[in-house]
Amino acid sequence: MLDTASLPRPLVLGSTSRYRRELLDRLGVPFDVAAPDLDETPHASESPRELALRLARAKAHAVARRHPGAIVIGSDQVADLAGTPLGKPGTHERAVEQLQRMRGQTVVFQTAVTVVCVETGFEATDLAPVEVRFRDLADAEIERYLRAEQPYDCAGSAKSEGLGISLLDAIVSDDPTALVGLPLIRTCRMLRAAGLVLP
């Protein structure tokens with residue numbers, strides 16, 4: 001008779017982000033993807049850090065309710081400009097506005113991750129802040145960058161893993177993939193704690 005208790009639990013990424021999917025692929029562990037389908041509107045007086053943490057937990061729990069036997073990852077990222085949250089621009093005009101506001105500034109990309117398993121009662125959340133110093137960008141540079149990269153689905157309009165790196169003076173982080181959308185060092189730590197064998 002098969003001992004199902006000894007079988008590895010399925011892993012589910014509670015995100016439709018292709019960036020997070022590509023990052024999780026690096027671990028070489030099979031996983032499914034499920035959309036959390038929740039409202040991501042910030043609450044009144046909610047800081048970017050609080051917003052990222054709340055949404056990471058909410059995404060993980062929304063998917064875990066539908067997959068109680070799985071280990072579920074939820075993650076969220078909010079660009080933090082002096083306490084003001086900057087989300088995904090969605091349009092060229094909003095991306096121009098974001099980059100104009102960020103030029104010459106240090107922006108903290110607050111990337112939160114939660115790992116949940118309903119059946120075992122496991123839950124852990126962590127935050128990986130990444131300090132990004134932007135160059136003092138000319139309007140023409142911003143326009144050229146946006147036309148080339150079209151990063152309208154990226155928080156803060158800067159895709160650091162692509163041409164967006166040319167906009168920056170420095171990146172300060174202890175979990176480098178956090179800037180792309182999923183802090184893999186912290187995620188691996190939590191997945192091991194949840195019982196997943198890595199690598």
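Below, all heavy atoms of this structure are taken into account, side chains as well, without hydrogens, waters or symmetry copies.
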task: Decide whether Leu137 and Phe109 are clustered together by the hydrophobic rule: side chain heavy atoms of Ile, Leu, Val, Met, Phe, Trp, Tyr closer than 4.5 Å, transitively.
output: yes

field: Worked verdict on Thr111 versus Val113 for side chain to side chain contact (heavy atoms under 4.5 Å, CB included)
entry: CA-CA 7 Å; Thr111 307; Val113 60; over 6 Å; no

field: Spacing of CG belonging to Leu182 relative to CD1 belonging to Ile185, to within rounding of 0.5 Å
entry: 11.5 Å

- prompt: Does Glu46 use its side chain to pair, donor to acceptor, with the backbone of Thr41 at less than 3.5 Å?
  reply: no

message: I'd like to know if Arg186 pairs up with Asp174 as an ion pair, taking the criterion as any Lys NZ or Arg NE/NH1/NH2 lying under 4.0 Å from an Asp or Glu carboxylate oxygen.
response: yes

- prompt: Taking C-beta and beyond as the side chain, do Pro151 and Leu146 meet within less than 4.5 Å on heavy atoms?
  reply: yes

Identified side-chain contact (heavy atoms from CB on, under 4.5 Å) partner of Leu11 from the options Val72, Leu27, Ile71: Ile71

- prompt: Nearest heavy-atom pair of Gly14 and Pro36: which atoms, and what distance?
  reply: O-CG, 3.4 Å

message: Donor-acceptor pair, distance only, cut-off 3.5 Å: does the side chain of Ser15 make one with the backbone of Ser75?
response: no

statement: dist Cys154:SG -> Tyr19:OH (nearest 0.5 Å) comes out at 4.0 Å

- prompt: Under 6.0 Å from the NZ atom of Lys88, do we count more than 12 heavy atoms belonging to anything else shown?
  reply: no

- prompt: Quick one: does Glu143's side chain get under 4.5 Å of His92's, heavy atoms only?
  reply: yes

Pairwise side-chain contact, Met102 with Val132, heavy-atom cut-off 4.5 Å (strictly under): no

- request: For Ser47 and Glu50, work out which heavy atoms get closest and say how close.
  value: N-OE1, 2.9 Å

task: Indicate yes or no for a side-chain donor-acceptor contact from Arg57 to the backbone of Thr114 under 3.5 Å, with no hydrogens or angles considered.
output: no

message: Between Asp139 and Gln100, does the side chain to side chain contact (heavy atoms under 4.5 Å, CB included) criterion hold? Intermediate values first, please.
response: CA-CA 7 Å; Asp139 287 347; Gln100 286 175 341; 3.3 Å; yes

field: Member of Leu81, Val78, Asp80 meeting the side-chain contact (heavy atoms from CB on, under 4.5 Å) criterion with Leu86
entry: Leu81

- request: Classify the side-chain pair Glu123/His61 by whether it contains a donor and acceptor separated by less than 3.5 Å.
  value: yes

query: Taking a hydrophobic cluster as the set of Ile, Leu, Val, Met, Phe, Trp and Tyr residues connected by side-chain heavy atoms closer than 4.5 Å, whether directly or through intermediates, do Val115 and Leu55 fall within one such cluster?
result: no

task: Drop me the distance from Leu167's CG to Arg135's CZ, to the nearest 0.5 angstrom.
output: 6.5 Å

query: For Val130, which of Val172, Ile171, Asp175 qualifies under side-chain contact (heavy atoms from CB on, under 4.5 Å)?
result: Ile171

message: Would Phe31 and Arg21 count as a side chain to side chain contact (heavy atoms under 4.5 Å, CB included) here? Give the steps.
response: CA-CA 9 Å; Phe31 64 91; Arg21 201 161 54 240; 3.9 Å; yes

statement: In terms of heavy-atom contacts, Gly164 and Glu149 come closest through N-OE2, 3.2 Å

field: Taking every non-hydrogen atom, the tightest pair across Pro48 and Gly83
entry: CD-O, 3.3 Å

task: Apply the test side chain to side chain contact (heavy atoms under 4.5 Å, CB included) to residues Phe134 and Arg101: give CA-CA distance (whole Å), side-chain angles for both, the deciding distance (0.1 Å), then the verdict.
output: CA-CA 10 Å; Phe134 281 80; Arg101 291 176 64 191; over 6 Å; no

query: Which distance, rounded to the nearest 0.5 Å, do you find between the CZ of Phe122 and the CG of Leu196?
result: 10.5 Å

query: Rounded to the nearest 0.5 Å, how far apart are CD1 of Ile73 and CZ of Arg20?
result: 11.0 Å

- prompt: Which distance, rounded to the nearest 0.5 Å, do you find between the CD of Glu40 and the CG of Leu51?
  reply: 8.0 Å

statement: Residues Ala35 and Thr16: closest non-hydrogen pair is CB-CG2, 3.5 Å

Nearest heavy atoms of Gln98 and Gly87, plus distance in Å: NE2-O, 2.9 Å

task: Answer yes if Leu163 and Val96 sit in the same cluster of Ile, Leu, Val, Met, Phe, Trp and Tyr residues linked by side chain heavy atoms under 4.5 Å apart, and no otherwise.
output: yes

message: Strictly distance-based, threshold 3.5 Å: is any side-chain N or O of Gln110 a donor or acceptor partner for the main-chain N or O of Ala52?
response: no

- request: Is it possible for you to say whether Leu24 and Val116 belong to one hydrophobic cluster, with membership spreading through side-chain heavy-atom contacts below 4.5 Å?
  value: no

query: With side chains defined as the heavy atoms from C-beta onward, is the minimum distance between His67 and Pro10 less than 4.5 Å?
result: no

- request: For residues Arg103 and Ile142, determine if any side-chain heavy atom of one lies less than 4.5 Å from a side-chain heavy atom of the other.
  value: yes

query: With hydrophobic residues grouped by side-chain heavy-atom distances under 4.5 Å, do Leu127 and Met190 end up in a single group?
result: no

